[in-house]
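All figures in this text were calculated on a predicted structure; none of them were measured in a lab. Only this structure's heavy atoms are used, side chains among them; waters, hydrogens and symmetry mates stay out.
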Number of protein chains: 2
Amino acid sequence: MGRAPVALSPEGKRLLLAAAAKLAVLRGSPHALVLREVAREAGLNHNTFYRHFDDMESMMRVMAEDFAAHVRHGVREARASVKPGVPLSGIVVGRVFDMAIQHADIFTVSLRELHGPAGPLRDVVRQSLADLAEDMRADLQQLPELQAVEPRMLRAAVDLLIRNTTWLCLDYLEQPEQRQVLLDTAREAFHSTMAGVIARSSRSA
Amino acid sequence: MGRAPVALSPEGKRLLLAAAAKLAVLRGSPHALVLREVAREAGLNHNTFYRHFDDMESMMRVMAEDFAAHVRHGVREARASVKPGVPLSGIVVGRVFDMAIQHADIFTVSLRELHGPAGPLRDVVRQSLADLAEDMRADLQQLPELQAVEPRMLRAAVDLLIRNTTWLCLDYLEQPEQRQVLLDTAREAFHSTMAGVIARSSRSA
DNA sequence: ACGTTAAGTAGCCAGTTGGATACTTTAGTA
DNA sequence: TACTAAAGTATCCAACTGGCTACTTAACGT
């Protein structure tokens, strides 16, 4: 359940996953990957690939599970790091950025895949973000200013912010030196959106 | 300048571009394209490709230019369709969706490429969106409620909305039957964000 | 010390690829 | 009508691919 991803995997498997992620970032898509090239990048014979994966698609499934595990792990850690009652939302974007940069290739590939062709990788990534969104909504809803807001409207706002954060996160992974600027951008979006939700909600009440 | 894109191109060139876009949508990335397969899909001998393009990358550049031309053309049309003084913003998302569905493959590939690896295609697409953003900001700024808003803050809000719209547009291209839902989502994001900008702006004034 | 199994390797295969060179067809136009 | 240039084709090539079978090495419990 809660174990760190790919921790118990054999060396070769991890090397292959890392090589695949790295190459997929360069190529722009995991679908452009070439089996032999991945093995070469990992410093292994191309046949070793078959010791760990059935084919490329099965490898992508593993990568997607890794991504999902990282996200779950990150959320759990963030939750444990703040006092109960205090909202996570203030720190969540920074946490996301931290997670992302620690597994930069996997995150880049996974987030890009959000709008790729339908497939197991995309489904898993989308589900992770959907879970995260519902988590954040419930978290925010407990704030006094937001308790009166209709859950559906709040969820829509959170979805908007997650789309925005995903975008900025990909920018961050490409230009880590822009971290502060991107965080500020995300924070401003957060403030504007929440102010908007509150304004619209109290107006309609 | 203002001419419709690929209008004067020879038949084969258009066939190849259409085939490439179609396959790139299926594959998830133009970088996964295979020259011979593109030609096959277009019903042409693979050598004919070289009559029109130097290589795959030069073809992608052409595709990017097509995308940019479509966007410019769409904006010009939208501008002409509303009375002067009336803001475009109310209809702009619907217009974007219309444009996108008319050139579904090119738009899908181009918008996906926004977070692909750096390259000419991506640069052109980003520039198109940046131009569109500045256009929209200037347009919105003329509204009475928004005249007092700091341009930089308004631009940030527009950027947020464009990121959101891009996302929803890709969803729309994959599920055209969801058009109305997605348009409503975009409209709600628009209202929330603008309400937020106004609230924050008047608060700090 | 030995046997079992997982991890890794070597070499082969038929099929496909990007690209070159040389040829044919089409369409315009002088 | 004959000439030309653009568009399209046929064929060949070395290089690479995914996947197969068969072999070697490393690790580990007994």
State plainly whether the residues Arg40(B) and Glu37(B) are in salt-bridge range, i.e. N to O under 4.0 Å. no

Gap between atoms CZ and P, on Phe49(A) and dG8(C) respectively (whole Å): 13 Å

Whole angstroms only, please: what is the CZ-P distance between Arg14(B) and dA7(D)? 12 Å

Whole angstroms only, please: what is the CZ-C1' distance between Phe53(B) and dG8(D)? 15 Å

When rounded to whole Å, the OH to P distance for the pair Tyr50(B) and dA10(D) reads 17 Å

Taking only heavy atoms on the protein side, list every residue of residues 40-48 of chain B lying under 4.0 Å from any atom of DNA chain C, sorted numerically. Arg40(B), His46(B), Asn47(B)

Under 4.0 angstrom between His52(A) side-chain N/O and dG8(C) OP1 or OP2: yes

Is it true that Asp184(A) and Arg187(A) have a side-chain N and a carboxylate O under 4.0 angstrom from each other? yes

Could you walk me through whether Ser192(B) and Arg200(A) pass side chain to side chain donor-acceptor pair (under 3.5 Å), step by step? CA-CA 7 Å; Ser192(B) 281; Arg200(A) 292 182 71 210; 3.1 Å; yes

Salt-bridge contact Glu174(B)-Arg122(A) (side-chain N to carboxylate O under 4.0 Å): yes

Ordered by number, residues from residues 31-39 of chain A within less than 4.0 Å of DNA chain D (heavy atoms) are Val34(A), Leu35(A), Arg36(A)

Roughly how many Å is it from CD in Glu11(B) to C1' in dA6(D), rounded to a whole number? 14 Å

Rounded to whole Å, please give me the gap between CZ in Arg51(B) and C1' in dG18(C). 15 Å

Using 4.0 Å as the upper bound for N to carboxylate O, is an ion pair formed by Asp66(A) and Arg61(A)? no

In whole Å, what is the span from the CG atom of Leu16(B) to the C1' atom of dA6(D)? 15 Å

Would you confirm whether His31(B), through its side chain, and Arg27(A), through its main-chain N or O, come within 3.5 Å as a donor-acceptor pair? yes

Begin from the C-alpha positions of Glu77(A) and Arg72(A) and carry the test salt bridge (Lys or Arg N to Asp or Glu O under 4.0 Å) through to its verdict. CA-CA 9 Å; Glu77(A) 256 201 351; Arg72(A) 280 196 301 269; over 6 Å; no

When you compare the side chain of Phe97(B) with that of Leu182(B), does any pair of heavy atoms fall below 4.5 Å? yes

Option from Asp159(B), Thr165(B), Val71(B), Ile162(B) for which side-chain contact (heavy atoms from CB on, under 4.5 Å) with Leu129(B) holds: Ile162(B)

